[in-house]
Protein chains: 2
Amino acid sequence: MQQKLREHIEKIVPLTDDEFAFVRSHFTIKSYKKREFLIQEGKSVKYAYFVVSGLLMLVYNNESGKQHIVSFAMEDWWESDFLAYHTQTKATMSLQCLEDTDVFCLSLEDYQKLCAGLQKMEHFFLRKANAGHIGSQQRILSFLTSNAKERYEQLLKRYPSLFQRVPKSLLASYLGVSRETLSRLAR
Amino acid sequence: MQQKLREHIEKIVPLTDDEFAFVRSHFTIKSYKKREFLIQEGKSVKYAYFVVSGLLMLVYNNESGKQHIVSFAMEDWWESDFLAYHTQTKATMSLQCLEDTDVFCLSLEDYQKLCAGLQKMEHFFLRKANAGHIGSQQRILSFLTSNAKERYEQLLKRYPSLFQRVPKSLLASYLGVSRETLSRLAR
DNA sequence: TCCCCTGCGTGACAAACATCACAATTTAAA
DNA sequence: TTTAAATTGTGATGTTTGTCACGCAGGGGA
């Protein structure tokens with residue numbers, strides 16, 4: 001499990017054993033069962049999470065109780081309600097397990113200590129944040145340029161494994177269409 | 001003009017005069033006229049830009065020539081085709097002036113030198129990247145949760161000045177609706 | 001001055017999509 | 001095993017939005 005984290009970081013910045021020991025000391029490990037919540041709307045957000053195995057969804061529930069999936073987080077992804085995390089405010093979104101999931105947890109304080117104590121890690125997180133920003137912008141672009149069917153096909157192409165792992169109704173909620181429409185598209 | 005850049009950075013990390021001189025030495029200044037391009041689709045992306053004054057739009061043109069606005073960049077914003085910039089590939093988007101605009105330009109090489117030479121600046125860019133990521137995620141959320149009219153009202157509320165500064169057809173293109181639909185909504 | 005281009009509004013119609021209702025099937029829990 | 005809940009497909013219908021067409025007003029350049 002440690003190894004997973006180390007390999008992930010070392011794709012961007014190589015670490016000595018001592019450095020990794022330092023990094024490692026800032027994280028805690030937790031395991032969650034399917035349907036459990038890592039973050040609940042309205043509560044404070046203690047951690048950012050690195051997914052070792054399993055699958056999470058980041059969900060926003062609007063006033064009328066409709067759920068909108070902002071993101072799926074699979075193996076090797078970082079996830080949190082980052083707005084609430086960084087500003088230390090209450091979560092507006094929830095982070096929930098779609099499968100049994102193992103994560104590394106990083107508190108904001110440890111995140112800051114880690115960045116301050118090891119420039120490599122600040123660099124690592126900068127790269128991750130840039131990638132996250134770019135990824136979100138691509139998703140915006142797909143909303144601007146593509147209709148439901150095209151967005152569905154893009155998702156299918158990019159994350160084929162999702163179609164085995166999550167119900168179609170959740171994919172619809174990620175794509176921004178009703179489950180009925182998605183069902184009719186997938187033909 | 002220098003002062004603008006310094007104040008912007010110092011909102012996040014305080015700098016000594018020497019440090020700012022070091023920072024400053026990595027940037028060049030350019031001025032563009034309305035309708036000029038800072039980045040053109042298909043060409044390489046030399047710089048990330050910090051907007052001192054004026055207004056830019058980041059645009060994606062699809063195969064059929066329809067234009068989609070990914071982002072407006074006003075005073076104090078950083079903008080580029082960040083995917084092409086960071087990966088040193090050809091631009092898939094264009095960055096164009098909507099008003100006469102003054103910018104600081106930062107090449108990727110200078111960006112890397114700046115981050116490596118002054119941890120404060122790596123920290124600064126990390127904060128900016130996180131903010132950018134969070135901002136994009138909010139925009140995704142507005143696509144998921146809101147119809148055209150609601151997105152229009154959110155934009156109106158958040159960036160009221162845009163309505164004086166850019167034609168409605170471009171706002172439509174940012175919101176992901178046709179200019180006709182926007183025209184009918186705004187009543 | 002005249003003219004052309006841009007921006008904006010609006011009517012008519014078509015396409016995309018949401019919603020409601022119901023049924024069939026699969027999955028999970030008791 | 002039995003029962004309840006979750007998942008999926010599909011028809012009918014209404015709403016939202018896009019597309020095409022047209023007219024009008026204002027501003028800048030020849």
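Chain A is the first sequence line, chain B the second, and so forth, proteins listed ahead of strands; every chain is numbered from 1. Heavy-atom basis, side chains included; hydrogens, waters and symmetry copies ignored.
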Which one, [options], comes nearest to the side chain of [X]?
X        : options                : answer
B:Arg179 : C:dC22, D:dA21, C:dC17 : D:dA21
B:Ser183 : C:dA21, C:dG9, D:dG18  : C:dG9
A:Lys168 : D:dT8, D:dC22, C:dC17  : D:dT8
B:Leu185 : D:dT17, D:dT10, C:dT10 : D:dT17
A:Lys66  : D:dC22, D:dT17, C:dT19 : C:dT19

Side-chain N or O of B:Thr181 less than 4.0 angstrom from OP1 or OP2 on D:dG18?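 For B:Thr181, the contact criterion (side-chain N or O under 4.0 Å from OP1 or OP2 of D:dG18) is met.
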
Report yes or no: is the cationic atom of A:Arg139 (NZ for Lys, CZ for Arg) closer than 6.0 Å to the six-membered ring centre of A:Tyr174, at no more than 45° off its axis? yes

Could you state the [atom1]-[atom2] distance from [X] to [N], rounded to the nearest angstrom?
X        : N      : atom1 : atom2 : answer
B:Arg35  : D:dG27 : CZ    : P     : 15 Å
A:Lys34  : C:dT27 : NZ    : P     : 11 Å
A:Asn147 : D:dT19 : CG    : P     : 10 Å

Should the pair B:Asp100-B:Lys34 be classified as a salt bridge under the 4.0 Å nitrogen-to-oxygen rule?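 Judged by the 4.0 Å cut-off on N to carboxylate O distance, B:Asp100 and B:Lys34 do not form a salt bridge.
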
Once you apply a heavy-atom cut-off of 4.0 Å, does A:Ser178 come out as touching a base, just sugar-phosphate, or nothing?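 The answer is base, as A:Ser178 lies within the cut-off (heavy atoms under 4.0 Å) of a base atom.
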
Taking donor-acceptor contacts at under 3.5 Å, does the side chain of A:Arg184 reach the base of D:dG11? yes

What about B:Glu180, does its side chain sit under 3.5 Å from the base of C:dC8 through a donor-acceptor pair? no

Please report whether the ring centroid of A:His123 lies less than 6.0 Å from that of B:Phe125. no

So A:Phe104 and A:Lys30, do their side chains get closer than 4.5 Å, heavy atoms only? no

